[in-house]
Each structure stands twice: as C-alpha cells, then as structure tokens.
Amino acid sequence: MKLQTFLQTLSVSDKLILSLAVITVLWSYQHYWRWNEEAAEYAVIFADQQAPFKVSLREDRLVRVNGRLGESLLQVSEGKIRFIASPCQGKQCIHAGWLHEGGDFAACLPNHVSIELQGEHVHFDSIVY
C-alpha cells in the first residue's frame, strides 16, 4: 500500500494520535538521550587493591596507575581521558579511545584498572541489575 493511499484511509483522530506519538518520541529522545549530553568534570580511577581516586579533566596531564600486571598510563587532555599504554595483551582499553561524557567507562580487565567519568549530569546508555 502506498503512503498516500494509507494516509487517505486514516480518520482525523487517527492522524491526531499518530502525530502525538511522533512528537512524544522525538521529545523523549531529545530530553532523555542524545541532545542532553554534557561533558564530564572528573574521572574516577579504580585500580587493583587500591582506593578509587578522582582525576580532574580540566588540567592536561599523564596519570600512572599500578595494576595487577604492571603500570597503565592514562592521558588527560582538553576535558577527555584515555588509556595510552597498558601491560595487557589485547589492548582493548587503548582501543576504547577518548572518554569525555558523564557515564563513559573503559577498563583494562587483565590489569584490573578502570576509568569511569562523572559529573553533574551523567549519561547512561543502559543499566543492568
């Protein structure tokens, strides 16, 4: 069935309900998802058998973190953070790239080092219980 034929078969109330549904979906997306992203203010670093510590994303620097396998090197630059060196084999932590939004997370699982970005507004893409 062609779109024009389909639209002709709809009643006025059907068109109103369809329009409200589309507007609600677009508003929900804008309000709760992508257009509401904000940059993180700091990163929380979790390392093997150490207390978590915060690192400000406002000042550029290198952060050395000792993990189970050795030292991981993190780079903070222009409000972002990333792994740039780690003793693990797969280097998935390095391939994760730059983290910059609240709720972003990267981990070097073999080395037991992870980064979680936090700030005033945190963005979650999913929550698992």
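Side chains are part of it too, since the values below use all heavy atoms of this structure and drop only hydrogens, waters and symmetry mates. All residue numbers in this chain count up from 1 along the given sequence.
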Value rounded to 0.5 Å, distance of [atom1] in [X] from [atom2] in [Y]:
X	Y	atom1	atom2	result
Arg61	Ser77	CZ	OG	13.0 Å
Ser114	Asp48	OG	CG	10.5 Å
Leu57	Glu78	CG	CD	12.0 Å
Ile84	Leu62	CD1	CG	5.0 Å
Leu99	Phe83	CG	CZ	8.5 Å
Gln50	Asn66	CD	CG	6.0 Å

Open item on the list: Tell me if a side-chain donor or acceptor on Asn111 pairs with a main-chain N or O of Glu71 at a distance below 3.5 Å.
Closed with: no

Open item on the list: Keeping Gln89 on the side-chain end and Pro110 on the backbone end, is there a donor-acceptor pair under 3.5 Å?
Closed with: no

TODO: Going by the side-chain contact (heavy atoms from CB on, under 4.5 Å) test, name the single residue among Arg58, Gln118, Lys54 that passes it with Glu41.
DONE: Arg58

Which atoms form the tightest heavy-atom contact between [X] and [Y], and what is the distance?
X	Y	result
Ser56	Tyr42	CA-CB, 4.2 Å
His95	Gly90	CD2-O, 3.9 Å
Gly67	Val113	CA-CG2, 3.9 Å

Open item on the list: For Val63 and Ile81: C-alpha separation, side-chain torsions, deciding distance, then whether side-chain contact (heavy atoms from CB on, under 4.5 Å) applies.
Closed with: CA-CA 10 Å; Val63 179; Ile81 189 169; 5.5 Å; no

TODO: Using the side-chain contact (heavy atoms from CB on, under 4.5 Å) rule, take Gln75 and Lys80 through it: C-alpha gap first, then chi angles, then the decisive distance, then the call.
DONE: CA-CA 8 Å; Gln75 179 184 14; Lys80 303 179 285 188; over 6 Å; no

Open item on the list: Between Ser72 and Cys93, is the side-chain contact (heavy atoms from CB on, under 4.5 Å) condition met? List the steps.
Closed with: CA-CA 10 Å; Ser72 290; Cys93 52; 5.9 Å; no

Open item on the list: If hydrophobic clusters are built from ILVMFWY residues whose side chains come within less than 4.5 Å, do Ile94 and Ile115 share one?
Closed with: yes

Open item on the list: Do Leu74 and Val55 make a side-chain contact, defined as non-hydrogen atoms from C-beta onward lying under 4.5 Å apart?
Closed with: no

